[in-house]
Engineer: 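Before we start, here is the structure in question, set down as structure tokens.
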Amino acid sequence: MGRRGWIAFLATAVTAIFGASLFLMHNSKESERKLRVQKELELSNRMVELTEKQTAISDLTKQKADLEDKLNARIAKLEETLRQSGDELKTHADRIDELSAENDSLKKDIQSKEKSIASLRQKIEQLENDKLDLLSSLQKAKEAQAAAPAEAADSSPEPAYGEGKAIPEIDPVKLGKIIVQHTSGRAAEIQHVDKVYGFVVINAGWHDGVREKTVLNIIRNKKLVGKAVVQKVRDRLSAAIVLPEWSKGDIEPGDIVSKY
């Protein structure tokens, strides 16, 4: 092979090598491009996924904030309800204590009232017994007086007013001093009237200043309706014989009594 042949061979070889190099370079660049495009696509997909996840995280964060706000509001409301319930419980407890103290006070008051009622019942029973005793004594006295012979009057003891003894002169205008019960501070009054035997029972006695032979004015509406003379006296009751000559009408229970 001559020189030209070698030069042509070398030129061809160089061209072939250069072409192969270019081809290899082209293939390499194409592979790199494809790889880069694939990487960019993957990166883009990842960015999309990341954006979606960030959006989801943002939504979840907002939902969390909303839930926290609602939860905090609910907790605040529950705390307020608990506080109000505590105040109401304290108020109820205080009211219960007040009612309990009031109940204890009422029980003591009831016990005191029951004792007073029992005492008053005993007094009423005693007064009723005294009243019955007075009525029985007066009835017996009247019956004995009616049964006694007229001639025995000269030898009998000095009669009381209304039984033959002269009645003192009394000014009917002067109604006398009202007898007041020491136990109640009320004016004494007629409690019982016996129209058959002509005597009355008044709710005042020895403790109120009433004495045997005391002349009593019987008053109604500030007017004299009759007079009576005390025959029997107990601690808080008295029995008196009505003086017919001074009677100005029917004597009734509730009429006021005064001393002449």
Side-chain angles (χ1 to χ4, degrees), residues 120 122-260:
L120 288 174
Q122 292 178 353
K123 291 180 180 178
I124 290 171
E125 289 177 0
Q126 183 63 41
L127 289 174
E128 288 294 333
N129 292 332
D130 289 344
K131 176 181 175 181
L132 293 174
D133 183 39
L134 286 172
L135 293 176
S136 177
S137 298
L138 281 176
Q139 185 172 351
K140 290 178 179 179
K142 280 288 187 179
E143 291 174 351
Q145 181 182 357
E151 58 270 20
D154 296 335
S155 59
S156 61
E158 182 181 0
Y161 297 124
E163 298 180 352
K165 186 176 179 180
I167 304 301
E169 292 296 330
I170 301 174
D171 185 356
V173 178
K174 296 179 180 179
L175 299 180
K177 184 178 180 181
I178 300 294
I179 299 174
V180 178
Q181 295 175 301
H182 289 178
T183 54
S184 65
R186 297 178 180 176
E189 59 186 31
I190 300 296
Q191 190 176 46
H192 176 78
V193 178
D194 190 317
K195 296 182 179 180
V196 175
Y197 291 98
F199 63 85
V200 295
V201 176
I202 66 172
N203 57 2
W206 181 270
H207 288 294
D208 306 304
V210 180
R211 300 292 183 267
E212 291 185 4
K213 312 306 179 186
T214 301
V215 178
L216 302 177
N217 295 326
I218 302 172
I219 305 165
R220 185 187 311 141
N221 298 327
K222 298 182 179 181
K223 294 182 180 179
L224 183 69
V225 294
K227 290 183 179 291
V229 179
V230 177
Q231 295 295 312
K232 300 288 184 179
V233 181
R234 295 292 185 269
D235 289 343
R236 292 181 175 82
L237 284 177
S238 301
I241 295 177
V242 177
L243 302 178
E245 56 270 41
W246 283 98
S247 178
K248 297 184 178 182
D250 290 337
I251 297 173
E252 300 176 356
D255 290 342
I256 302 300
V257 177
S258 68
K259 286 183 182 179
Y260 168 68

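As the structure is a prediction and not an experimental result, all values here were calculated from the model. The first residue in the sequence is number 1, and the count goes up from there.
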Engineer: Check A240 against L216 and note the closest heavy-atom contact, atom names and distance.
Structural biologist: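 Heavy-atom minimum between the residues: CB-CD1, 4.2 Å.
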Engineer: Measuring from atom CD1 of I251 to atom NZ of K227, what distance do you get when rounded to the nearest 0.5 angstrom?
Structural biologist: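 If I round to the nearest 0.5 Å, the distance is 11.0 Å.
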Engineer: What's the spacing between Q181 CD and D208 CG if we round to 0.5 Å?
Structural biologist: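 Reported value, rounded in 0.5 Å steps: 6.0 Å.
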Engineer: Rounded at 0.5 Å granularity, tell me how far NZ in K195 sits from CD in E252.
Structural biologist: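 Nearest 0.5 Å value for the NZ-CD distance: 7.0 Å.
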Engineer: Roughly how far apart are L224 CG and I218 CD1, rounded to 0.5 Å?
Structural biologist: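 So the gap between those two atoms works out to 8.0 Å.
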Engineer: Testing the basics here: between Q191 and P253, what is the closest heavy-atom pair and its distance to 0.1 Å?
Structural biologist: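 Smallest interatomic distance, heavy atoms only, reads O-CB, 4.0 Å.
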Engineer: Can you check whether I219 reaches I178 side chain to side chain, under 4.5 Å on heavy atoms?
Structural biologist: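 Result yes, sub-4.5 Å side-chain heavy-atom pair found.
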Engineer: Applying salt bridge (Lys or Arg N to Asp or Glu O under 4.0 Å), name anything that partners D255, two or more places apart in sequence or on another chain.
Structural biologist: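 Salt bridge (Lys or Arg N to Asp or Glu O under 4.0 Å) list for D255, sorted by chain: R220.
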Engineer: Could you tell me which non-hydrogen atom of R211 sits nearest to which non-hydrogen atom of V233, and how far apart they are?
Structural biologist: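 The pair with the smallest heavy-atom distance is C-CG2, 3.7 Å.
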Engineer: Can you see which heavy atom on H182 is nearest to which on H207, and at what distance?
Structural biologist: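 Here H182 and H207 meet closest at ND1-O, 2.6 Å.
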Engineer: Find the distance between CD1 (I179) and CD1 (I256) and round it off to the nearest 0.5 Å.
Structural biologist: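 Result: 10.5 Å between the selected atoms.
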Engineer: Can you name the nearest heavy-atom pair linking K259 to T214, along with the distance?
Structural biologist: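 So the minimum-distance heavy-atom pair works out to CG-CG2, 4.3 Å.
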